[in-house]
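Below, chains carry the letters A, B, ... as their sequence lines are ordered, and counting in each starts from 1.
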Amino acid sequence: MEELRGHQPLGGDAGTAPEDEGGTSGNPYAGLVSRLRAAWLSGRTRPLEYRLAQLEALGRFLEEKKQDILEALDLDMRKPPFEAEFSEVLLCKNELNTTLNNLSCWMKDEQVDKNLATQLDTAFIRRDPYGVVLIIAPCNYPIYLLLVPLIGAIAAGNCVVIRPSETTKNSKRLAVEVLPRYLDKDCIAVVTAGVQETTRLLENKFDYIFFTGSPSVGRIVMTAAAKHLTPVTLELGGKNPCYVSDTCDVQNVARRVAWGRFFNAGQTCIAPDYILCSVEMKDKLVPALREAITTFYGPNPQESPDFARIVGDKQFRRVRALLCSGRVAIGGQTDEKERYIAPTVLVDVQPSDPAMQEEIFGPILLIITVASVEEAIDFINSHERPLVVYVFSSDNKVVNQVLEKTSSGSFCSNDTLMQVTLTSLPFGGIGSSGLGKYHGRFTFDTFTHHRGCLQRGTGLEPINTLRYPPYGPHKTGLVRAATTVKRQGECALL
Amino acid sequence: MKDEHVDKNLVTQLDSAFIRKDPYGVVLIIAPWNYPIHLFLVPLIGAIAAGNCVVVKPSEIAKNTERLVAEVLTCYLDSDCFAVVTAGVQETTRLLENKFDYIFFTGSPSVGRIVMTAAAKHLTPVTLELGGKNPCYVSDTCDVQNVARRVAWGRFFNAGQTCIAPDYILCSVEMQDKLMPALREAITEYFGPNPQESPDFARIVGDKQFRRVRALLCSGRVAIGGQTDEKERYIAPTVLADVQPSDPAMQEEIFGPILPIVVVADMDEAIDFINARPRPLAVYAFSCDSKVVNQVLERTSSGSFCGNDTLMQVTLTSLPFGGIGNSGLGKYHGKFTFDTFSQHRGCLHRNMGLEAINSLRYPPYNQQKLGLMTATFEIKRRGMCTLL
């Protein structure tokens with residue numbers, strides 16, 4: 001049964017339960033938000049030294065509490081320590097180090113080109129924080145998807161409220177009880193909130209909201225944000241198609257796709273959701289996938305220590321219900337006690353099957369046959385735009401054709417998942433898979449307001465008189481000359 | 001439009017990693033009436049440049065411009081890809097029920113909320129260029145004549161119907177006394193002794209707007225101007241002295257040729273005053289002392305900032321233009337307009353071969369693989385010694 005009340009504080013003020021901060025408005029989080037806003041107005045979070053200190057403290061949390069993190073993730077969803085260490089700790093540290101290495105550079109005022117009229121002025125873009133920002137994290141990578149936005153929010157100089165997922169209880173307890181010991185509690189607060197409380201939380205005015213979760217909740221978040229004109233980044237989801245052309249190395253494809261699909265038992269927003277390929281390719285892929293799965297997890301994956309479980313009972317039942325789609329070619333076994341669903345491949349899936357109606361978010365890989373790459377492209381384009389489009393082909397022309405004729409948050413050819421290991425690539429969705437982007441410098445930019453600044457001199461007034469009334473043709477000509485941006489390549493006889 | 005190649009890690013060294021600028025699809029631009037050509041064309045330029053199809057909805061209040069846009073623009077553009085719709089309030093609500101791939105709206109904060117709420121139903125990204133009260137702090141150390149001219153220009157241009165016009169002045173009581181004659185002189189220089197007769201001074205765009213602005217005149221004390229002529233929708237270039245925070249002129253964006261002066265004790269009080277209010281499109285600060293200008297810049301938050309002048313920041317296409325908080329979200333002008341209407345798609349092209357390297361990441365997992373994965377993927381904190 002989902003927790004409706006807050007956490008149990010570990011002495012002091014670790015985390016914040018709704019009843020601790022009752023404001024006169026009746027909104028349980030009003031007190032917290034106004035406390036953070038006061039901290040924000042004090043200017044404390046703005047100096048580079050402060051931000052670096054908080055970020056380095058985050059780094060110490062990841063170092064010192066690594067074992068606790070791995071144990072929590074094991075308890076929450078039997079996430080294999082290898083996967084946890086790679087995806088939740090290492091990738092997170094990479095984001096942290098990218099930020100620590102570059103922050104002073106990112107923070108600098110960016111001088112910009114000036115026109116004739118402003119030649120003697122100073123024109124630059126100032127990176128201002130937004131103020132008090134809210135980060136809502138999901139359950140599938142409960143540490144990574146909480147901390148990576150937090151890194152950017154702190155780096156950008158904001159005060160932050162973070163709301164870890166309620167579903168992964170052990171990870172949540174770490175975020176609520178242990179993480180705050182490392183950070184400045186006056187400026188960074190961890191709140192626990194189930195569905196009801198999150199609705200109350202969203203009634204407050206935040207200066208930015210960063211949400212990772214489902215499209216349906218994304219709509220709710222954006223609607224709440226609209227009341228306060230709060231900008232948002234929504235990292236949502238969808239069905240990521242994976243087109244496999246006839247010209248490919250079937251063994252390699254099978255391994256790379258299986259890895260991407262079954263990592264974290266399929267609970268990855270960028271996992272390949274379904275394969276599109278020809279009938280011939282399907283016949284080659286299925287045995288290759290079977291071989292890959294056996295190589296990865298052994299003959300009985302339920303006994304493998306390297307295969308995770310579904311995160312909760314509700315989610316388990318939802319994914320299990322998708323199994324009655326098409327025909328089970330590989331796997332299909334389940335164990336409700338363990339929330340285990342075997343690495344499964346379904347073939348002959350119809351567009352009307354349950355597995356094609358929603359994002360799978362589980363260890364089930366569908367194969368849908370198409371006649372050609374054009375039909376695959378049409379299929380992709382007739383569905384909601386996903387977080388990722390994957391293509392496997394030895395033929396670059398095919399890869400580029402799919403890239404150019406589809407639209408998605410990201411794109412990866414001849415592999416899965418790997419695009420997110422590059423902090424230099426923007427990560428985000430489009431359409432119902434989301435809006436906004438982050439990772440690396442893009443996270444810093446997400447939580448930063450780019451303020452256009454012009455500093456002029458107090459003298460030199462004669463130049464300005466060109467623009468003042470009374471207006472006349474001589475003035476118009478000169479003003480135009482001083483401010484016009486010419487089309488390059490046009491001759492001008494001076 | 002070019003693909004932007006990005007840094008790669010050790011593992012992806014042989015791959016191709018880049019950012020592709022994709023169009024969003026079908027985008028909607030809703031324009032306001034105060035600069036009815038500029039404020040629909042500039043977003044349209046970016047939307048076309050980014051490769052989108054566009055629906056443009058010009059303002060129905062600026063009727064002649066609306067007709068011009070609806071009848072003439074389509075002669076110049078591909079009508080299969082670009083459409084102009086005319087729509088009043090009701091029809092715009094219906095228009096917003098449709099799914100667009102991006103919505104660019106310029107207008108008031110209250111309508112901005114309605115647009116964003118409608119966009120949320122389709123998870124449509126938005127840019128909202130809204131408004132607010134742009135404060136103009138004038139310190140005691142300044143060239144009063146120049147300040148008066150620059151502020152008057154910014155305030156009375158387009159009869160004050162400019163989203164980035166200085167909305168109100170914050171200054172000491174001594175500076176108010178000095179500014180007043182200087183403003184009077186500037187207004188006379190610009191518009192003559194009777195501005196109603198000057199060809200260089202605009203009118204309020206509509207009757208409803210005229211009545212709204214006229215009602216703000218009963219704030220503080222009329223020091224300059226104050227005359228109105230309903231037939232012409234004329235409101236004289238007006239300066240109000242001793243305006244209180246509770247006065248009508250301080251409750252909403254003025255968007256007319258009225259300049260209130262609110263007296264504050266010092267710069268700190270001015271900054272507190274600014275920060276106690278919704279964040280504006282622009283903060284202006286006038287001072288010969290650059291320390292003062294920088295303090296105002298650092299301790300306030302706004303879409304843009306300009307020291308020692310008004311409006312000029314928008315003549316630079318290299319500066320991002322947009323609001324924050326109540327004054328809006330998103331930014332445009334120059335490349336920023338192109339970027340607004342582009343989706344930045346992260347792309348990675350890997351090799352079909354070279355599978356041996358990948359096997360490090362596959363189960364069955366072991367410590368050795370983890371060690372090698374860490375070594376190949378990790379990004380180190382610079383400045384930490386590593387003995388190799």
For Val126(B) and Leu435(A), run side-chain contact (heavy atoms from CB on, under 4.5 Å): C-alpha distance rounded to whole Å, both residues' side-chain angles, the deciding distance at 0.1 Å, then the answer.
CA-CA 9 Å; Val126(B) 299; Leu435(A) 60 101; over 6 Å; no
Hey, mind stepping through Phe411(A) and Leu348(B) against side-chain contact (heavy atoms from CB on, under 4.5 Å) and telling me if it holds?
CA-CA 6 Å; Phe411(A) 179 91; Leu348(B) 181 63; over 6 Å; no
Given Arg467(A) and Asp309(B), is the salt bridge (charged side-chain N to carboxylate O under 4.0 Å, His left out) satisfied, shown in steps?
CA-CA 12 Å; Arg467(A) 69 195 197 198; Asp309(B) 210 337; 2.6 Å; yes
Assess whether side-chain contact (heavy atoms from CB on, under 4.5 Å) is satisfied between Phe377(B) and Leu90(A), documenting all intermediate values.
CA-CA 8 Å; Phe377(B) 278 91; Leu90(A) 174 64; 3.8 Å; yes
Checking Ile324(B) against Tyr208(A) for the side-chain contact (heavy atoms from CB on, under 4.5 Å) test, could you report, in this order, the C-alpha distance in whole Å, the side-chain angles of both residues, the deciding distance, and whether it holds?
CA-CA 10 Å; Ile324(B) 184 174; Tyr208(A) 203 97; over 6 Å; no
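The pair Arg385(A)-Asp22(B) fails the salt-bridge criterion, with no side-chain N (NZ, NE, NH1 or NH2) lying under 4.0 Å from an Asp/Glu carboxylate O. In summary, Arg441(A) and Asp7(B) do not engage in a salt bridge, as defined by a charged side-chain N under 4.0 Å from a carboxylate O.
Residue Ile187(B): no heavy atom, backbone or side chain, is found under 4.5 Å from chain A. Heavy-atom distances place both the backbone and the side chain of Asn101(A) under 4.5 Å from chain B. For chain B, the nearby parts of Leu454(A) are the backbone and the side chain; heavy atoms of each come within less than 4.5 Å. Looking at Glu56(A), only its side chain comes within 4.5 Å of chain B, counting heavy atoms on both sides. In this structure, no portion of Ile220(A) lies under 4.5 Å from any heavy atom of chain B. Interface remark: Val283(B) contributes side-chain atoms only to the contact with chain A (heavy atom separation under 4.5 Å). Of the two parts of Glu298(B), the backbone and the side chain both hold a non-hydrogen atom closer than 4.5 Å to a non-hydrogen atom of chain A. When heavy atoms are compared at a cutoff of 4.5 Å, Leu370(B) approaches chain A by way of both its backbone and its side chain. Interface remark: Lys227(A) contributes backbone atoms only to the contact with chain B (heavy atom separation under 4.5 Å). For Phe156(B), no part lies under 4.5 angstrom from a heavy atom of chain A. Only the backbone of Asn366(B) comes within less than 4.5 Å of a heavy atom in chain A; its side chain stays farther off. With a 4.5 angstrom heavy-atom cutoff, His450(A) touches chain B via backbone and side-chain atoms both. Proximity to chain B involves both the backbone and the side chain of Leu100(A), based on heavy atoms less than 4.5 angstrom apart. Contacts of Pro231(A) with chain B are made by both backbone and side-chain atoms, with heavy-atom separations under 4.5 Å. Both the backbone and the side chain of Ser408(A) have a heavy atom closer than 4.5 Å to some heavy atom of chain B. For chain B, no part of Asn396(A) is nearby; none of its heavy atoms comes within less than 4.5 Å. Proximity to chain B is limited to the side chain of Ala117(A), based on heavy atoms less than 4.5 angstrom apart. For chain B, the nearby parts of Asp249(A) are the backbone and the side chain; heavy atoms of each come within less than 4.5 Å. Heavy atoms of Val147(B) lying under 4.5 Å from chain A are absent altogether. Using a 4.5 Å cut-off between heavy atoms, Phe427(A) makes no contact with chain B at all. Heavy-atom distances place no part of Val89(A) under 4.5 Å from chain B, backbone and side chain included. Both the backbone and the side chain of Thr300(B) have a heavy atom closer than 4.5 Å to some heavy atom of chain A.
Contact count versus chain B (heavy atoms, under 4.5 Å) is highest, among Tyr297(A), Phe442(A), Phe263(A), for Tyr297(A). Each of Ala17(B), Pro199(B), Gly25(B), Ser301(B) has some count of heavy-atom pairs under 4.5 Å with chain A, and the biggest count is that of Ser301(B). Most heavy-atom pairs under 4.5 Å with chain A: of the set Gly322(B), Ser198(B), Ala118(B), Gly303(B), this distinction falls to Gly303(B). Chain B forms more heavy-atom pairs under 4.5 Å with one residue of Glu95(A), Lys114(A), Glu85(A), Arg219(A) than with any other, namely Arg219(A). When each of Arg46(A), Arg126(A), His228(A) is scored by its heavy-atom pairs under 4.5 Å with chain B, the top score falls to Arg126(A). Note on Leu329(B), Val293(B), Asn146(B), Asn358(B): by heavy-atom pairs under 4.5 Å with chain A, the leading option is Asn146(B). For the set Arg149(B), Arg20(B), Lys8(B), the count of heavy-atom pairs under 4.5 angstrom toward chain A peaks at Arg149(B). Counting heavy-atom pairs closer than 4.5 Å to chain A, the top residue among Asn275(B), Asn9(B), Asp101(B) is Asn9(B). Here Glu461(A) is the residue among Met222(A), Glu461(A), Gln419(A) with the most heavy-atom pairs under 4.5 Å with chain B. Chosen from Gly353(B), Ser327(B), Ser359(B), Ser16(B), the residue pairing most often with chain A at heavy-atom distances under 4.5 Å is Gly353(B).
Looking at every heavy atom in both residues, Gly323(B) comes nearest to His449(A) through O-CE1, 3.5 Å. Summarising the geometry of Asp200(B) relative to Pro469(A), their closest heavy-atom pair is CB-CB, 3.9 Å, with the distance given to 0.1 Å.
Classified by interplanar angle (parallel below 30°, tilted 30° to 60°, perpendicular above 60°), the ring pair Tyr365(B)/Phe82(A) is parallel.
Of the N and O atoms on the side chains of Thr406(A) and Arg345(B), at least one donor lies less than 3.5 Å from an acceptor on the other residue. Judged by distance alone, the side chains of Ser302(B) and Arg451(A) do bring a donor and an acceptor atom under 3.5 Å apart. At a cut-off of 3.5 Å, with distance as the only test, no side-chain donor of Glu378(B) or Asn97(A) sits close to an acceptor on the other residue.
Separating the CG atom in Leu234(A) from the CG atom in Leu123(B) is a distance of 6.5 Å, to the nearest 0.5 Å. Separation of atoms CG (Leu425(A)) and CD (Glu4(B)) is listed at 10.0 Å; rounding is to 0.5 Å. Taken from OH in Tyr190(B) to OG1 in Thr465(A), the straight-line distance is 9.0 Å, to the nearest 0.5 Å. With values rounded to the nearest 0.5 angstrom, Trp153(B) atom CH2 is found 7.5 Å from Asn464(A) atom CG.
In terms of modelled atom types and a separation under 3.5 Å, the side chain of Asn308(B) and the main chain of Arg456(A) share a donor-acceptor contact. Using a distance-only test at 3.5 Å, with no hydrogens or angles considered, no donor-acceptor pair links the side chain of Asp113(A) to the main chain of Ser318(B). Although no hydrogens or angles enter the test, the distance criterion places a donor-acceptor pair under 3.5 Å between the side chain of Arg256(A) and the main chain of Met352(B).
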